[in-house]
Protein chains: 2
Amino acid sequence: MPPAPPQPKNANSTVIPIRAFGTSAEPSAPLVVSDPCGSCHSRTYSLCACLPPGRLENLAQTVTRTRLRAHETLFERGEKAEFVYTVTSGALKLYSLLPDGRRQIVGFPYPGDFLNVGPQESHLFSCEAVTETTLCRFTRSEYAAFLENYRELKQALVERTGDELQLAQMQMTVLGRKTASERVASFLLQLLNKRSQLSANVVHLPMTRTDIADYLGLTTETVSRTFSQFRRDGLINLTISERVGLTNVAALSQLAAGLRS
Amino acid sequence: MPPAPPQPKNANSTVIPIRAFGTSAEPSAPLVVSDPCGSCHSRTYSLCACLPPGRLENLAQTVTRTRLRAHETLFERGEKAEFVYTVTSGALKLYSLLPDGRRQIVGFPYPGDFLNVGPQESHLFSCEAVTETTLCRFTRSEYAAFLENYRELKQALVERTGDELQLAQMQMTVLGRKTASERVASFLLQLLNKRSQLSANVVHLPMTRTDIADYLGLTTETVSRTFSQFRRDGLINLTISERVGLTNVAALSQLAAGLRS
DNA sequence: CGCCCACTTGACCACGATCAATACCGGTGG
DNA sequence: CCACCGGTATTGATCGTGGTCAAGTGGGCG
């Protein structure tokens with residue numbers, strides 16, 4: 001099988017999905033690592049963090065570490081859900097598509113995040129890589145067995161899923177009730193609170209403006225205009241399009257909270 | 001302590017919250033029922049459904065069955081979260097408020113639904129009764145102990161929370177990307193798929209138009225107009241404002257799915 | 001160097017919000 | 001019985017935020 005062709009850069013609906021895993025294509029060969037968990041950068045804040053070192057080794061026996069290049073598809077809506085994943089580096093986007101191409105990104109899984117599926121058989125959302133991304137992959141059945149054997153892991157999963165739920169509910173408030181600038185401010189602060197930020201008050205935006213728009217229920221143009229407005233107002237410092245300095249976090253927080261200004 | 005005063009009917013931001021539980025007020029006395037679980041109408045589809053009868057009795061020992069009248073508050077954002085609940089009849093609304101009064105309802109917990117809280121100490125959302133509602137109340141610590149002792153209960157909780165998460169993510173798509181009529185159609189179909197419906201294709205709307213609007217990210221006026229439009233188009237049959245007959249479910253489904261018409 | 005794409009900016013438009021008036025419904029009391 | 005009242009729902013007129021359409025800019029990569 002030839003290596004995967006260079007994937008189209010276009011993030012819109014015309015993208016030809018490139019299967020990363022599955023029955024028919026395997027463009028990214030699994031990485032072979034002798035001690036995957038020992039060298040894992042996100043071990044301390046992923047679900048695995050709850051396991052003592054000895055048990056971590058058992059987990060390591062069933063994991064497949066793997067890599068996606070930017071814009072590669074991890075899975076698509078409707079596909080049978082065979083695996084669960086932990087993100088170890090890079091970033092993904094999880095989204096749904098309406099028949100006419102409208103897209104809603106429901107999350108950007110970052111290192112340490114766990115990609116679960118509900119009890120049902122198939123994926124309700126599609127997922128692709130924003131940037132080059134590495135993941136730990138487990139079969140659902142093997143992972144389920146672990147959950148049965150290691151209570152602390154199951155407990156961690158319960159807590160994390162509950163957290164995710166509340167995050168999603170807070171995002172519902174963003175989407176249902178906030179103005180464009182409040183949404184963008186909320187988004188910037190949300191990124192600021194992630195582990196993987198460059199330095200204090202500087203946020204890295206690996207995703208495109210279209211991705212941000214599809215996450216916030218806006219259009220690219222509105223996102224772009226809002227960034228420009230923030231810059232004019234001295235709230236942010238935007239030199240490259242993928243790096244934002246938050247120069248007035250207090251004002252951004254006020255905006256994000258919905259305190260009219 | 002005098003009995004609770006008649007609560008204001010107004011569901012807007014000027015409502016004086018009436019504490020149902022907590023340190024300072026107890027307007028609704030706990031109901032004393034000899035065999036609460038045995039007579040529970042939602043037992044078959046609530047979390048408890050996973051427990052065999054014998055273990056159900058253990059659960060029954062720690063439960064406090066209780067009742068809220070319409071518009072009574074169960075808890076408010078920021079309050080310490082002492083309890084978890086299962087709804088057994090009626091309906092609640094779970095919502096967040098922005099400082100200027102904008103409100104987003106993130107869910108209408110119905111009979112069988114479980115009101116959990118994340119790992120953190122206090123509530124992130126407020127919750128009040130839409131109609132007269134009965135609940136089973138457990139202290140968090142007692143419930144946590146149950147979860148440790150009964151694996152099947154913990155497993156059921158994991159699955160249910162995962163389901164809720166996916167539901168919330170689908171609602172993000174509604175809020176971020178759907179038009180007003182698509183939102184209303186989605187909402188009606190969502191209610192149609194609940195257990196507690198009157199008869200085939202007739203949906204009961206216990207909540208006000210304002211509640212529906214705050215759930216869908218719209219205004220009362222837009223919700224009302226959309227209902228009227230649906231009636232003119234022969235999609236629904238609306239005689240009383242709280243009862244809707246869905247006369248063309250197929251067309252509503254198309255609308256809800258986002259197939260432009 | 002030049003192409004491609006993402007981003008930015010501008011002009012105009014439309015969907016749903018806002019403001020306002022009226023209809024409706026249940027409850028209460030004369 | 002009807003008049004009145006408070007709260008909710010409906011309908012109409014107008015407005016504004018953010019979407020749409022279009023043109024221009026700029027960076028990365030072959």
Side-chain angles (χ1 to χ4, degrees), chain A residues 5-15 70-71 98 100-104 130-131 174-184 205-214 216-232 236 238-244 255 258 260-261, chain B residues 6-15 70-71 98 100-104 130-131 174-184 205-214 216-232 236 238-244 255 258 260:
Chain A
Q7 65 280 9
K9 299 291 169 48
N10 181 359
N12 287 331
S13 49
T14 52
V15 170
H71 310 117
L98 299 187
D100 63 359
R102 280 175 285 171
R103 187 176 65 158
Q104 178 66 43
V130 171
T131 62
V174 171
L175 293 169
R177 286 298 178 221
K178 290 194 187 175
T179 66
S181 51
E182 288 166 355
R183 294 181 201 206
V184 174
L205 302 174
M207 64 292 287
T208 66
R209 297 289 186 266
T210 305
D211 287 341
I212 298 173
D214 285 347
L216 296 176
L218 300 170
T219 59
T220 344
E221 294 93 329
T222 299
V223 171
S224 189
R225 274 188 254 272
T226 306
F227 277 135
S228 301
Q229 188 60 49
F230 281 2
R231 187 174 39 189
R232 263 175 259 130
I236 64 172
L238 186 60
T239 50
I240 335 172
S241 66
E242 69 198 21
R243 189 159 304 188
V244 186
L255 242 186
R260 297 312 221 139
S261 60
Chain B
Q7 66 278 11
K9 298 292 170 49
N10 182 0
N12 286 331
S13 49
T14 51
V15 169
H71 311 118
L98 298 188
D100 63 359
R102 281 175 285 172
R103 187 176 65 156
Q104 178 66 42
V130 171
T131 61
V174 171
L175 292 168
R177 286 299 179 220
K178 291 194 187 176
T179 65
S181 51
E182 289 167 354
R183 294 182 200 204
V184 174
L205 302 174
M207 65 292 287
T208 66
R209 296 290 185 264
T210 304
D211 287 342
I212 298 173
D214 285 347
L216 295 176
L218 300 170
T219 58
T220 357
E221 293 93 331
T222 299
V223 170
S224 189
R225 274 187 253 273
T226 306
F227 277 136
S228 300
Q229 188 60 48
F230 281 2
R231 187 174 38 192
R232 264 175 255 131
I236 63 172
L238 186 60
T239 50
I240 334 172
S241 68
E242 69 197 20
R243 188 159 304 189
V244 187
L255 243 186
R260 297 316 219 130

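Chain letters run A, B, ... following the sequence lines, proteins first, then strands; residues in each count from 1.
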Which nucleotide in the set [options] lies at the smallest distance from any side-chain heavy atom of [X]?
{"X": "A:Ala180", "options": "D:dA22, D:dG18, D:dG12", "answer": "D:dG18"}
{"X": "B:Ser228", "options": "C:dA17, D:dT10, C:dT9", "answer": "D:dT10"}
{"X": "A:Thr179", "options": "D:dG18, D:dA9, C:dT8", "answer": "D:dG18"}
{"X": "B:Ser224", "options": "D:dG19, C:dT9, D:dA9", "answer": "D:dA9"}
{"X": "B:Thr208", "options": "C:dT9, D:dA9, C:dG16", "answer": "D:dA9"}
{"X": "B:Glu221", "options": "D:dT11, C:dA17, C:dT9", "answer": "D:dT11"}
{"X": "A:Thr222", "options": "C:dT18, C:dT8, D:dG18", "answer": "D:dG18"}

* Taking only the side-chain nitrogens and oxygens of A:Arg225, find out if one of them lies under 4.0 Å from OP1 or OP2 of C:dT9. =>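 Answer no for this pair, as no side-chain N or O of A:Arg225 is under 4.0 Å from OP1 or OP2.
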* **Short side-chain N/O contact to C:dG16 OP1/OP2 from B:Thr219, under 4.0 Å** =>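 No.
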* Asked: In Å, rounded to the nearest 0.5 Å, how long is the span from OG1 of B:Thr131 to CE of B:Met207?
  ->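 B:Thr131 OG1 to B:Met207 CE: 9.0 Å, rounded to 0.5 Å.
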* Asked: What is the distance from atom CD of A:Glu182 to atom CG of B:Leu98, rounded to the nearest 0.5 Å?
  ->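 Interatomic distance, A:Glu182 CD to B:Leu98 CG, rounded to 0.5 Å: 7.0 Å.
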Starting at [atom1] of [X] and ending at [atom2] of [N], how long is that distance when rounded to a whole Å?
{"X": "B:Leu218", "N": "C:dA14", "atom1": "CG", "atom2": "P", "result": "20 Å"}
{"X": "B:Asp214", "N": "C:dA17", "atom1": "CG", "atom2": "P", "result": "11 Å"}
{"X": "B:Ile212", "N": "D:dT8", "atom1": "CD1", "atom2": "P", "result": "13 Å"}
{"X": "A:Arg103", "N": "D:dG19", "atom1": "CZ", "atom2": "C1'", "result": "17 Å"}
{"X": "A:Asp211", "N": "C:dC5", "atom1": "CG", "atom2": "P", "result": "16 Å"}
{"X": "A:Lys178", "N": "D:dG18", "atom1": "NZ", "atom2": "P", "result": "14 Å"}
{"X": "B:Arg209", "N": "D:dG7", "atom1": "CZ", "atom2": "C1'", "result": "14 Å"}
{"X": "B:Glu242", "N": "D:dT10", "atom1": "CD", "atom2": "C1'", "result": "16 Å"}

* Asked: So, do A:Phe230 and A:Leu255 sit near enough that their side-chain heavy atoms are less than 4.5 Å apart?
  ->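 In contact.
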* Check A:Gly176 against B:Leu175 and note the closest heavy-atom contact, atom names and distance. =>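 That closest heavy-atom pairing would be CA-CD2, 4.1 Å.
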* Asked: Where the side chain of B:Arg177 meets the backbone of A:Arg102, is there a donor-acceptor pair that is under 3.5 Å apart?
  ->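 Answer holds: no.
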* Asked: When only distance counts, do a donor and an acceptor, one from the side chain of B:Arg183 and one from the base of C:dG16, lie under 3.5 Å apart?
  ->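 Looking at the base of C:dG16, it does not pair with any donor or acceptor on the side chain of B:Arg183 (distance under 3.5 Å).
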* For A:Ile240 and for B:Leu238, locate the closest nucleotide of DNA chain D by heavy-atom distance; then report the residue assigned to the nucleotide nearer the 5' terminus. =>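 Here B:Leu238 is the residue nearer the 5' end.
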* Asked: Between A:Thr220 and A:Arg177, who's closer to the 5' end of DNA chain C by nearest nucleotide?
  ->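 Upstream on the strand: A:Thr220.
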